[in-house]
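Inspection log for the structure reproduced underneath, given as structure tokens.
Computed from a prediction, not measured in an experiment: that's the story for all the values here.
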Amino acid sequence: MPKEIEQISLKIASSRSFDGYSTWRILKTIDREIETLGSDNRPVPIELARLRSIIARARELRRRRHVPVQAASAPGEAAEQPVPAGRMDIFDVVERYRALGGRRLAVDLGQAVEIRQWDRDTPEASELWNAVWSAASHSEREALASALLIRGRF
């Protein structure tokens, strides 16, 4: 599992969707939730502890500049043309999807991350999701599910 945490942290650290402030804010939100669970004498879910270690490692990598941040695309260019997941920042896909009204959620089942849809997406979000998902390979779909899990909760 540490190798998997390192890989996910590296993707987050190199993403242009996560700046220093957003990773700090996510980490503070997770810490507050862990503190609340501890004060209520409730167990901390392993998923939350794992997410904390991923975000903390990504912040560390970003601060030390071990990872080059992907260059930003021209404004308006990404919104016009759906781009397959492998050709762009996977977290940017999730950000665009959420901004268009996407409501799919990722669920960590231990060995795999599954995407569930309990509420309907807006037509624009659905169109973007279908374009990206259909063009993505198996590994890109796994990366998209992981990004949706990480970005979807916080």
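- Here the straight-line distance linking atom CD of E142 with atom CD of E140 works out to 11.0 Å at 0.5 Å rounding.
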Item to complete: Quick one: do I34 and L48 satisfy side chain to side chain contact (heavy atoms under 4.5 Å, CB included)? Show the steps, please.
Response: CA-CA 8 Å; I34 289 173; L48 191 60; 3.7 Å; yes
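- Here the shortest heavy-atom pairing between P43 and L37 reads O-CD1, 4.0 Å.
- Residues S15 and D92 form no side-chain contact, since every pair of their non-hydrogen atoms from C-beta on lies 4.5 Å or further apart.
- A salt bridge is absent between R98 and E95; no separation between the charged side-chain nitrogens and carboxylate oxygens falls under 4.0 Å.
- How far CZ of R42 is from OG1 of T36: 8.5 Å, rounded to the nearest 0.5 Å.
- Here the closest heavy-atom approach between residue Y97 and residue R103 is recorded as OH-N, 3.2 Å.
- For A143 against K11, the heavy-atom pair with the smallest separation is CB-NZ, 3.8 Å.
- Side-chain contact between D121 and R104 is present, with heavy atoms from C-beta onward closer than 4.5 Å.
- The two residues I55 and T23 come nearest to each other via the heavy atoms CG2-O, 3.6 Å.
- How far CG of L105 is from CG of D119: 8.0 Å, rounded to the nearest 0.5 Å.
- Heavy atoms from other residues, nucleotides or ligands lying under 6.0 Å from CD of Q117 number more than 12.
- I8 contributes atom CD1, which lies 9.5 Å from atom CG of L51 (distance to the nearest 0.5 angstrom).
- Among all heavy-atom pairs drawn from A58 and A13, the shortest one is O-CB, 3.7 Å.
- Side-chain atoms of R57 and E6, non-hydrogen and from C-beta on, do get closer than 4.5 Å to each other.
- Taking both residues in full, the closest heavy atoms of I5 and S53 are given as CD1-OG, 3.6 Å, listed atom of the first, atom of the second, then distance.
- Not counting sequence neighbours, the partners of S139 by the side-chain hydrogen bond (donor to acceptor under 3.5 Å, both in side chains) test are S137.
- The structure places CD of E124 at 7.5 Å from CD of E127, a figure rounded to the nearest 0.5 Å.
- Between V132 and L144, some side-chain heavy-atom pair lies under the 4.5 Å cut-off.
- Tested against W129 for a side chain to side chain contact (heavy atoms under 4.5 Å, CB included), the candidates V94, L100, L148 yield a single pass: L148.
- Using a 4.0 Å cut-off between a side-chain N of Lys or Arg and a carboxylate O of Asp or Glu, E114 and R116 qualify as a salt bridge.
- Taking CZ of R141 as the reference point, atom CH2 of W133 lies at 5.5 Å (rounded to 0.5 Å).
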